Amino acid sequence: MFPQSDAPAAADLPILAGLNAEQRAAVTLPPEHALILAGAGSGKTRVLTTRIAWLLQTGQVSPGGVLAVTFTNKAAKEMVARLTAMLPLNVRGMWIGTFHGLCNRFLRAHHKLAGLPQAFQILDTQDQLSAIKRLCKQFQVDEERYPPKQLQWFIAGCKEDGLRPGDVEVRDAEIRRKVEIYQLYEDQCQREGVVDFGELMLRSYELLRDHDAVREHYRRRFRHVLIDEFQDTNRLQYAWIKIIAGLPAEGGGGAIMAVGDDDQSIYAFRGARVGNMADFVREFHVGHQIKLEQNYRSHSNILDSANQLISHNRRRLGKNLRTDAGAGEPVRVYEAPTDFAEAEWVVEELRQLVKGEGYERKEVAILYRSNAQSRVIETQLFNAGVPYRVYGGLRFFERAEVKHALAYLRLLENPRDDTSFLRVVNFPPRGIGARSIEQLQDAARAAGIALVDAVASLPGRAGANLSAFVAKVDVLREQTAGQTLREIIEAMLDASGLLEHYRADKDGADRVENLQELVNAAESFVTQEGFGRDAVALPLDETAEPTHGLTQSPVSQGLDPEAPLLDVLLPRAPLPVDVDTGETLSPLAAFLTHAALEAGDNQAQAGQDAVQLMTVHASKGLEFDAVFITGLEEGLFPHENSMSDHDGLEEERRLMYVAITRARKRLYLSHAQTRLLHGQTRYNLRSRFLEELPEEALKWITPRHGGFASIAPVSSTAHARPAWGHGAIDAQSLVGAPLPVRKTEPAHGGIRVGLQVFHNKFGEGRVLAVEGSGDDARAQVSFPRHGVKWLALAVAKLTIVD
DNA sequence: ACACGATTCGTTTTT
DNA sequence: CGAATCGTGT
């Protein structure tokens, strides 16, 4: 019997076509909590979006019942795009967005309960730091003992752990002081009506925690909660999910589908907790765990390398990628004498790739562990005239001139925004010096008021200048009332003198351009968000049937859980809306929010066929035909700061795993014997990660010329591991390996690789390499205190330690 | 107020 | 080495 044509069996829906068994299983899981372990290149986003589409199409949920959370705007946009392509359905009723974006909307809607002005502004990391610096000056915090950067880290860390100042365990005087400053910072933010990124999350969490009606409403509403990149969630984000979905013990709520990959967890340094995955399984009694192990990206030599490498990590949930693609080409490994030569080699190889083998430049990525490493490569590329693009500089909304402009705009919205006030009070310069500002700050602090409000109390010419500034902003505010966003910004650029200032600067052309670009950004914001046409009406989504028996009643009924919050909080609605009053944000305030939450692309020179340069971190989620991973050296990758502890090393290994799995067809790995770092020449051992790859998948392409013998790896007990993948470490495999291991030469006074030696000045150390002969014989020795040195055996008096 | 030397300090980063 | 910040001098 065939299923009715108008009601196809759920398993036969066209959206499911082309999915493999694992993917299909994940997509069609029953509405229970589930964890999807999605390996690199396993079609994770596809599963996520198809899951949503499937739930909708089979009538298991209405758009309003879906909550899908991502980390980046890019991921959120992609999800929306794919979903709209898949279904004729309007996605408007769904909550799809980043953690911060959704929290932002939520807080605007419930701003009264959250204790915030509806038009609160968002501090980015820069703003936060300057706010802290300002506070430190004001309260005479010793910036030597408490560097603002560290305070910022402390505060952000507390919030990520869900801790308010009162919750922090005060263990010593230093922490006590930090907590005091944390409290002062909080007071300051509250007074000025601004929130930082952590605050967006924490306030939302607390609001849900403290207001039963609100919490219950959302719990009832969201039948399905989907989380992308779950391994990157921090404590607070997981707590947020728990409270919005409801733990089983608390009566439960929506079904959670957490999608993640513990092997790609590379953000522990900023609070990400892989442990959330295990906690989730335990706390939600997760019954369904599905592994997506079929990889659609890479050839098997590449995949085998990734698998072999990551198998050296102890703490894993366990997963092995497989592919139907053939072995492909071997992974090429190159050892260069210097970082300079390494870069030369990359450029040469790249040229071959593009000219000889028809690779597109933009399909080639050059990866490195830290940004500083890009310089040498850039120089080489530049000299060779190869177009390239570096990811990860300043983004559009972070540029100084744009931030200045935004500060003026913020003052129009909220004159009490002291951060913005200070940013532009004397920019462009208008004769308001540090002295005047200090006076003003003193006055404001004494009276407990905002800087603008203290201006009137200042006498003399200082007061006059300041008053002129305030008046200027006030006039602009009145003038632009009711104008379109574009008109407001143009008026601001003119009245503030910003445009004029940069036009007068002979080097200001770029900045002028960026300011004009700001107008365009605003314009496209207006178009995209679509509130030029619909004004501020609250369009109900016709396709979204209320599933929970919500009756439509006036918005002003407020927090009755049965009230149509659903209708108010549509994420694609023009502007966030106050649930009590129906008030919306001004387009300007909305644009400012957008600017804070979405820092914009890097200077995207899209269209250009350029090689992509980026850190390994930045490469996560991307893929390329060919990938170079450079600087594979001990101390660099793995980074020295991460080498001391086991967890740090495992994260570095995951980072390497991410890097390897970016490559589709071809992978190059390289390291340099010598590298200029901090102005000093460093001799680095090659990375242990190279030794953790399957030798049969590798091909060493280093030309064997005499002078630069490579350094035999020294297996120490510090990291217990099978050095060559299979089996234990044995001399046989070391010698037989296809690595250009230099055979130790007979007579060097008995100095051989691996020996422990003693030096008069440097103490005990281990011999890493020996080369040359006779009077030229040298040994590379690693000393715990003094680092790695090359020593001339004829001069240095080395004795062998037993 | 600004310019210039002296200094310090160097992972990874999204929102 | 090179940037980013700091302090002094004019």
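Values in this document were obtained by computation on a predicted structure and should not be read as measured data. Order of the sequence lines fixes the chain letters, A, B, ..., with proteins taken first and strands second; residue numbering starts at 1 for each chain.
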**Q.** Within 45° cone and under 6.0 Å: A:Arg108 NZ/CZ vs A:Phe120 ring
**A.** yes
**Q.** Residue whose closest nucleotide on DNA chain B lies nearer the 5' end, A:Gly431 versus A:Gly101
**A.** A:Gly431
Q: Indicate, with a heavy-atom threshold strictly under 4.0 Å, whether A:Ile432 touches base, sugar-phosphate, or nothing.
A: sugar-phosphate
Q: Would you indicate what A:Leu597 reaches in the nucleic acid, counting non-hydrogen atoms under 4.0 angstrom: base, sugar-phosphate, or nothing?
A: sugar-phosphate
Q: Specify the separation, in whole Å, of atom CG of A:Asp127 and atom C1' of B:dT15.
A: 13 Å
Q: Any chance you could lay out the side-chain hydrogen bond (donor to acceptor under 3.5 Å, both in side chains) test for A:Ser670 and A:Glu342, step after step, and finish with the verdict?
A: CA-CA 7 Å; A:Ser670 66; A:Glu342 182 189 36; 2.7 Å; yes
Q: Could you tell me the separation between the CG atom of A:Leu129 and the P atom of B:dT13, rounded to a whole number of Å?
A: 18 Å
Q. Quick one: are A:Asn234 and A:Arg273 in side-chain contact, heavy atoms under 4.5 Å?
A. no
Q.
Check the orientation of A:Phe427 and A:His404. Use parallel for under 30°, tilted for 30 to 60°, and perpendicular for over 60°.
A. parallel
Q: Select one nucleotide: of B:dT14, B:dT11, B:dT13, the one nearest the side-chain heavy atoms of A:Asn641.
A: B:dT11
Q | B:dT15 pyrimidine/purine six-ring stacking with A:Phe71, under 5.5 Å and 30° | A | no
Q: Give the rounded distance in Å between these two atoms: CG of A:Asn465 and P of B:dA1.
A: 10 Å
Q | Closest to side chain of A:Arg375, choosing from C:dG2, B:dT15, B:dT12 | A | C:dG2
Q.
Is the phosphate of B:dA1 approached by A:Arg435 (side-chain N or O, under 4.0 Å from OP1 or OP2)?
A. no
(Q) So for A:Thr125 and B:dT15, does any side-chain atom that can act as donor or acceptor lie under 3.5 Å from a complementary atom in the base? (A) yes
Q) Taking atom C1' of B:dT13 as reference, at what distance in whole Å does atom CD of A:Gln126 sit? A) 13 Å
**Q.** Lys/Arg N to Asp/Glu carboxylate O, A:Arg682 vs A:Glu633, below 4.0 Å
**A.** no
Q: Using atom NZ of A:Lys149 as one end and atom P of C:dA4 as the other, report the distance to the nearest whole Å.
A: 10 Å
Q: Could you check which of B:dT12, B:dT15, B:dA1 has an atom nearest any side-chain atom of A:Asn426?
A: B:dA1
Q: Would you mind classifying the nucleic acid contact of A:Phe99 as base, sugar-phosphate or nothing, using non-hydrogen atoms under 4.0 angstrom?
A: nothing
Q.
Heavy atoms only, 4.0 Å cut-off, all strands: where does A:Glu652 land among base, sugar-phosphate and nothing?
A. base
**Q.** Base partner of B:dA3, which must satisfy Watson-Crick or wobble distances under 3.5 Å
**A.** C:dT8
Q | Options B:dT15, B:dG10, B:dT12, nucleotide nearest the side-chain atoms of A:His678 | A | B:dG10
Q | Nearest-angstrom distance from the residue atom CG of A:Asp232 to C1' of B:dT12 | A | 12 Å
Q. Taking the nucleotide of DNA chain B with the closest heavy atom to each, which residue, A:Lys74 or A:Ala372, is nearer the 5' end?
A. A:Ala372
Q: Compare every heavy atom of A:Leu592 with every heavy atom of A:Leu406, then report the nearest pair and how far apart it is.
A: CD2-CD2, 3.8 Å
Q) Can you find a side chain N or O atom of A:Asn73 that sits less than 4.0 Å from OP1 or OP2 on B:dT15? A) yes
Q) According to a strict under-4.0 Å criterion, is A:Asn371 in side-chain N/O contact with OP1 or OP2 of B:dT13? A) yes
Q. In whole Å, what separates the P atom of C:dA4 from that of B:dT13?
A. 15 Å
Q. B:dT15 C1' sits how many Å from A:Asp196 CG, rounded?
A. 11 Å
Q. Taking CZ from A:Arg430 and P from B:dC2, how many angstroms apart are they, rounded to a whole number?
A. 12 Å
Q. Is the backbone N or O of A:Ser687 less than 3.5 Å from a side-chain atom of A:Glu634, with the two atoms forming a donor-acceptor pair by type?
A. no
Q: For B:dT11, measure the glycosidic angle (O4'-C1'-N9-C4 for a purine, O4'-C1'-N1-C2 for a pyrimidine) and name it syn if it falls within 90° of 0, otherwise anti.
A: syn
Q: Tell me whether A:His639 is stacked on the nucleobase of B:dT11, counting only the six-membered base ring and applying the 5.5 Å and 30° thresholds.
A: yes
